[in-house]
2 protein chains.
Amino acid sequence: MKPVTLKEIAEQLNISVTTVSRALKDYPDISKKTKALVKELALTLNYRPNAFAVNLRTKESKTVGLIIPEIVHHFFSNVIKGIIAQAEEKGYLVIILQSNESYEMEKKQIQLLLSQRVDGILISLANGTADYNHLTDVIAQDKPLVMFDKIAKIVKCSKVIIDDRKAAYTATQHLVDTGCKRIAHFRGALLPQNSIDRFLGYKKALLDNNMPYDPSLVYICECGDNSFEEGKMNARQLLNDHKDVDGIFINTDLVAIGAITEFNEQGVKIPEDISIVGFSNWFMSSVISPTLTTIDQPGYQMGKEAFKQLYKEMQQVKNKEPIVFESIVLKTELVKRQSTK
Amino acid sequence: MKPVTLKEIAEQLNISVTTVSRALKDYPDISKKTKALVKELALTLNYRPNAFAVNLRTKESKTVGLIIPEIVHHFFSNVIKGIIAQAEEKGYLVIILQSNESYEMEKKQIQLLLSQRVDGILISLANGTADYNHLTDVIAQDKPLVMFDKIAKIVKCSKVIIDDRKAAYTATQHLVDTGCKRIAHFRGALLPQNSIDRFLGYKKALLDNNMPYDPSLVYICECGDNSFEEGKMNARQLLNDHKDVDGIFINTDLVAIGAITEFNEQGVKIPEDISIVGFSNWFMSSVISPTLTTIDQPGYQMGKEAFKQLYKEMQQVKNKEPIVFESIVLKTELVKRQSTK
DNA sequence: CTCCCAATCGAAAACGTTTTCGAAATCAAC
DNA sequence: GTTGATTTCGAAAACGTTTTCGATTGGGAG
């Protein structure tokens, strides 16, 4: 019942552990005959190298950690899928942790992963994260770290992102192009960089079109567990405050869908009375009515790229080369649907 | 730069490695004084036990494996969330693999997890899985294995499921109760147990209501990556074949949403012309129009229960007790919405 | 037969813990 | 001062690999 070890194989064949180990890995200094013998016995005994021992010797576990704010989330689950797919291709396993948008959690989880001695860490920051010592800790240990989507510009490490500012600009410009005169913005939480960038893109588009920027038209939502509800609330508030608004650029699809639902219930016509552009292109956005114009954000690809970069860095560490950081920016696309004219 | 070890602490304090190890774990046979010294130095040196060495010694890694058919999936991502939450509470990490509904993948991944020597495995079967040797392998090694949602009755291990048959019965009965006279069923793939059970529940409800069971009213879909498209296709087909059908019980929400979309496009009125009941209660189902009547399937809770059971079994293994298998059945609920009268 | 080189293998250390077993030291009691 | 119990600690083995460094063997050349 005990798992079979190199030693047992060695004893059965009357050779040394060393030879067995090397035979199994096709070292050139083992004769074809012994290699064949060893491999055959290993097969019949169903030998499996003890990963714990291998890890201890080689100081690597072929495992990476992934910290993500929320798993039940169309965009993020696509990212996860991409990461896992790419990791599997390279022979790595992925440990997933969910920060629940909490900085404290995130910190604890980074420590956990470091204790576990994963070979590298992938992370998308929680909304509440404003200090980065837990991350610089990782970097100080020369442990590869790649941030994606929700990043911190200050931290010196590789990043995989989209050009949020440009995408938001495009989205807002689309509202302008389709005739909107007064455009509101539902932005995400205050801290995250992508929330800031999307806001800046929105603002820039307004100014470039000679439209006044009115802070009272910018609504904040935490974009946590109840994004949908926040979308509804903000929509209701907007109807109260600003009856003249005829277009909204919304930070993320789920909030936009909340808003659409509210408008539908209140009898506000989309896009006749109000046009809406979302962000992320959740699958849901293509099936609600009206279907939602949005920015397609390539989650799966982002996951793949993030792992690829992490892999590169892990190789660099293995080869005792210095880690070179890269910033990868992925393309986004405006998907026009019924919620805009 | 090298991580600090017990040995270094021991040398600095001029005591033995043994003592350091035991001081850190509060063994009773170490004096308070040395404990304090050791702990203080460990803290200032930022000592972190080498997980690889600990794993090797203790033969456990505090890590479990999770194999799931598809990550980008509302129900499954809720399950994942539940599993991770519960695992974290117990100090375990979770390695996630995606089988992509492929039996071959699933087999390979089981082997991978066994090589990695995870302490336990959680799995929801792929649609294509019909032979279970890869699973009995796991059980034969006395490695805890818990199946959830898509299970195989034959395999002797713990299971966490819902009563699919009863839920399907309830769903179909609801269609009958609201006046449907001729009820179709879009079932999932042929092999999965839950697909079979839901079909049986549908059939039983018909017979109990003295309605004839007509095999031509049962449409199959693979429920893989393109469930939505399959829903549309089946709906189109149904309109062609059976104009008299006035109700459909659909195996899963995403397919149902595809069907609804198709019906909407073709001008078929829901629920006036056709009533629809889905399965799973995806979030999406509450925002499409018409909103979808469906069976709520507690994904998060299922994940929690699955891990709890796995944990129990891991404890049993640790205590060298025999593993006792349990089958846990979770409650479901009919959520009435606009797609039925 | 001697010498050298290539081919093939093994002994042992090392990775960093945990744990068993026992040794030393302290102390109280007589 | 002896005994026995208690407290406190250390030596060493063990977990299963990988890897370094030699050792042995055989064969061919001279």
Side-chain angles (χ1 to χ4, degrees), chain A residues 1-39 41-42 45-63 114-119 141 317-318 320, chain B residues 1-39 41-42 45-63 114-119 141 317-318 320:
Chain A
M1 206 68 273
K2 295 275 111 188
V4 22
T5 69
L6 288 185
K7 196 170 154 199
E8 298 177 44
I9 297 182
E11 279 165 0
Q12 287 205 33
L13 293 178
N14 256 321
I15 56 181
S16 78
V17 172
T18 312
T19 305
V20 177
S21 171
R22 283 193 286 205
L24 287 174
K25 331 191 78 162
D26 267 330
Y27 272 54
D29 62 348
I30 303 293
S31 69
K32 308 229 176 281
K33 204 185 302 175
T34 34
K35 272 185 192 173
L37 281 174
V38 170
K39 284 179 179 174
L41 186 57
L45 293 185
N46 193 21
Y47 168 74
R48 246 187 266 274
N50 182 318
F52 301 157
V54 175
N55 292 347
L56 178 59
R57 251 321 288 235
T58 63
K59 293 178 186 310
E60 57 170 23
S61 57
K62 297 279 188 183
T63 301
L114 288 179
S115 295
Q116 191 67 16
R117 280 179 158 69
V118 292
D119 297 341
Q141 290 192 26
V317 167
K318 243 171 128 174
K320 296 188 193 327
Chain B
M1 206 66 273
K2 293 277 111 189
V4 21
T5 68
L6 287 185
K7 195 169 155 200
E8 298 177 45
I9 297 182
E11 279 166 1
Q12 288 204 32
L13 293 178
N14 255 322
I15 57 180
S16 78
V17 172
T18 312
T19 306
V20 177
S21 171
R22 284 193 286 206
L24 288 173
K25 332 191 76 163
D26 266 330
Y27 272 54
D29 62 348
I30 304 293
S31 69
K32 306 228 178 282
K33 204 185 302 174
T34 35
K35 271 186 193 173
L37 281 174
V38 170
K39 284 180 181 176
L41 186 57
L45 293 185
N46 193 20
Y47 168 74
R48 246 188 264 275
N50 183 319
F52 301 157
V54 176
N55 291 349
L56 178 60
R57 248 326 283 237
T58 63
K59 295 181 185 306
E60 56 169 23
S61 57
K62 296 278 187 186
T63 302
L114 288 179
S115 296
Q116 191 67 16
R117 280 180 159 67
V118 292
D119 297 342
Q141 291 191 26
V317 167
K318 243 172 131 172
K320 296 190 195 322

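Note on naming: letters A, B, ... go to the chains in the order of the sequence lines (proteins, then strands), and numbering restarts at 1 for each one.
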Phosphate oxygens OP1/OP2 of [N]: is one of them under 4.0 Å from a side-chain N or O of [X]?
X	N	result
A:T18	C:dG10	no
A:T34	C:dC9	yes
B:Y27	D:dG10	no
B:T19	D:dC9	no
A:S31	C:dC9	yes
A:K59	C:dC15	no

May I ask you to say what [X] touches in the nucleic acid, namely base, sugar-phosphate or nothing, with a heavy-atom cut-off under 4.0 Å?
X	result
B:N50	sugar-phosphate
A:S21	base
B:T5	sugar-phosphate

Take atom [atom1] of [X] and atom [atom2] of [N], then tell me their distance rounded to the nearest Å.
X	N	atom1	atom2	answer
A:R117	C:dC15	CZ	P	13 Å
A:F52	C:dG16	CZ	C1'	15 Å
B:L24	C:dT18	CG	C1'	12 Å
A:E11	D:dT17	CD	C1'	15 Å
B:I9	C:dG16	CD1	P	13 Å
B:K35	D:dT8	NZ	P	9 Å

Check: C:dT17 base within 3.5 Å donor-acceptor of B:R57 side chain:
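Under the 3.5 Å cut-off, the side chain and the base do not form any donor-acceptor pair.
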Classify the side chain of A:R22 versus the base of C:dG10 as yes if they form a donor-acceptor pair under 3.5 Å and no if they do not.
yes
If you only use heavy atoms from C-beta on, which nucleotide in D:dG16, D:dT17, C:dT18 is closest to the side chain of B:L56?
D:dG16
Go through D:dC9, D:dT18, C:dT18 for me and flag the one nearest to the B:I30 side chain.
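The listed nucleotide nearest to B:I30's side chain is D:dC9.
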Hey, which sits more toward the 5' end of DNA chain D by its nearest nucleotide, A:D29 or B:I15?
B:I15
Between B:N14 and A:T58, who's closer to the 5' end of DNA chain D by nearest nucleotide?
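Result: B:N14.
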Could you check whether any side-chain N or O of [X] sits under 3.5 Å from a backbone N or O of [Y], counting only pairs where one atom can act as donor and the other as acceptor?
X	Y	result
B:D119	B:E60	no
B:T18	B:S16	no
A:N55	B:F52	no
A:T34	A:I30	no
B:K35	B:P28	no

